[in-house]
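Structure record follows, encoded as structure tokens.
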Number of protein chains: 2
Amino acid sequence: MTQDISHNIQDYLKRIYEITRSGQKASTSQLAQVLGISAASVTNMLQKLSKSSPPYVIYHKHHGVELTELGKASALKILRRHRLIEQYLVEKLGYAWDEVHEEAEILEHALSPLLENRIDAALGSPRFDPHGDPIPDANLNMPNMQQTPLTHLAVGESGSVIRVPHEDPQVLRYLEKSGLRPGVQVKLLSRTPYDQTIHLQITGKNEEIIIGPNLGSQITIKVDD
Amino acid sequence: MTQDISHNIQDYLKRIYEITRSGQKASTSQLAQVLGISAASVTNMLQKLSKSSPPYVIYHKHHGVELTELGKASALKILRRHRLIEQYLVEKLGYAWDEVHEEAEILEHALSPLLENRIDAALGSPRFDPHGDPIPDANLNMPNMQQTPLTHLAVGESGSVIRVPHEDPQVLRYLEKSGLRPGVQVKLLSRTPYDQTIHLQITGKNEEIIIGPNLGSQITIKVDD
DNA sequence: GCTAATATTTAGCCAAACCTAAATTATACG
DNA sequence: CGTATAATTTAGGTTTGGCTAAATATTAGC
Ligand SMILES: [Mn+2]
Ligand SMILES: [Mn+2]
Ligand SMILES: [Mn+2]
Ligand SMILES: [Mn+2]
């Protein structure tokens, strides 16, 4: 079905998937930024991906790209491997949750279908990775959670953490220290008026956790009824 | 110490190490054959590896290459990862011994030092891989077994298998079926005069095992006193 | 020791992905 | 609505590691 695809292209497709998740197209500059390369290089690759047969993306000149079905399936395949690897490293090899993303970013391109299956089986087909991100199943179906950014919580409201951002080890170590991991229940104590920094408390704990607006919008929760 | 080295170069160095183990230099055509590329491409790479600073190989124009100390250390590092991975896949993920080489050939290039350590620790610092090949330790010291090709056994003599060739799944399945794995004791029953095919028996078993000279020279044993 | 066969190297090319600088298009706002 | 700024694309290069064909060196057999 999918013929062989280079490591680079796998990363492009994964990034495009992440950006286009929320509806909008992925722009040249967004991709250049997350991939850490020049905009000209991105344009080049997007044109190539849109002209291949079959194409992986639909290219809207000057207006970004979206994935074709093939592109989406390819992206989900890599995302599945990425998240399974993260879970495996934490569960089976004693990694901390801030150490796994970088490893997975490399290993995801080196996994055979057989190894993917063995890892999945060894973990009992896990549905979430260490940061709370859903793992697409073997048919690439993605559990579609409805989730709200932590910053949308009203003062006094509470909810339980679904996922935290996975890329920045420093952030992850801060969250670890605060106890803010997927599953815990938090209550919004207050919000500063100008810069929208929020103060939280984990149910059953006393410390106050301070989260800036950038980080807060990346953490998602399920609001309590 | 070693600056970053491409996947391709890692494979070149590993192959040069394997060929030069037994003293001779590695020739252009030998490398072309095992790497599955043209001789001209090999020449190109060997010149590059000999001209880099510091150099990885010593290039004897028209007479093959040998590894520098740096080249040897780089090769051993990859060999360590390759063999640790093979052992891990068999031990921890239920792979058969004929399924691991191809996986390891890819994964060896994707392992970080941390993951190498974790795998080593999870296995209790194993000294041999599933095919009986020694695994260099963390300081890249290689257990130097003295071993004899199976074909050197005299009729009536016996010895215990040390290692079997690891690359060809078909061969491995044949050996598996015959019970010829590292550790078992074998006795040479007879040798055909012209083509040097040998007939063996495993101690405690009845079946006769037939091994051709190509395969026989790749299996090594420790001859019983 | 010469010569034919074999092995190796050189020369010239190609594809994948990157780059910078210049040109073009889109957008935002006065 | 026109123009300045920002985003994107085009043009022209580079590096890495392949390739084939042609030239040259080595080796083996007579
Ligand atoms: Mn990740
Ligand atoms: Mn990646
Ligand atoms: Mn192997
Ligand atoms: Mn390899």
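The sequence lines fix the lettering, A, B, ..., with proteins before strands; numbering per chain opens at 1.
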Practice problem: Calculate, to the nearest 0.5 Å, the distance between atoms OH and CG belonging to A:Y12 and A:L67 respectively. | Solution: 14.0 Å

Quiz item: OP1 or OP2 of D:dT8 less than 4.0 angstrom from a side-chain nitrogen or oxygen of A:Q47, does that happen here?
Solution: no

Quiz item: Just by distance, with hydrogens left out, do B:D11 and B:H109 show a side-chain donor and acceptor under 3.5 Å apart?
Solution: yes

Exercise. Tell me what A:T28 touches on the nucleic acid: a base, only sugar-phosphate, or nothing, going by heavy atoms under 4.0 Å.
Key: sugar-phosphate

Quiz item: Does atom NZ of A:K14 have more than 12 heavy-atom neighbours, drawn from other residues, nucleotides or ligands, at distances under 6.0 Å?
Solution: yes

Below 3.5 Å between N/O atoms, which protein atoms pair up with nucleotides 17-21 of chain D? Just atom names and distances, please.
residue, atom, partner, partner atom, Å
D:dG17, OP1, B:S6, OG, 2.5
D:dG17, OP2, B:K48, NZ, 2.0
D:dG18, OP1, B:N8, OD1, 2.9
D:dG18, OP1, B:N8, ND2, 3.3
D:dG18, OP2, B:Y12, OH, 3.2
D:dC19, OP2, B:S38, N, 2.9
D:dC19, OP2, B:S38, OG, 2.9
D:dC19, OP2, B:S41, OG, 2.6

Exercise. Would you mind checking if B:R15 and B:E18 are paired as a salt bridge, meaning a charged N to carboxylate O distance below 4.0 Å?
Key: yes

Quiz item: Just wondering, are more than 12 heavy atoms of other shown residues or ligands nearer than 6.0 Å to CD in B:E167?
Solution: yes

Quiz item: CG of A:L31 versus P of C:dC18: gap in Å, rounded?
Solution: 12 Å

Quiz item: Between C:dT25 atom P and A:Y59 atom OH, what is the distance in whole Å?
Solution: 12 Å

Quiz item: In this structure, are over 12 heavy atoms from other groups packed under 6.0 Å from A:E157 atom CD?
Solution: yes

Quiz item: Looking at the side chain of B:H62, which of D:dA25, D:dT9, C:dT10 is the nearest nucleotide?
Solution: D:dA25

Quiz item: Any side-chain N or O of B:S29 less than 4.0 Å from the OP1 or OP2 oxygen of C:dT8?
Solution: yes

Exercise. Write down the distance between NZ (B:K61) and C1' (D:dT24), rounded to a whole number of angstrom.
Key: 9 Å

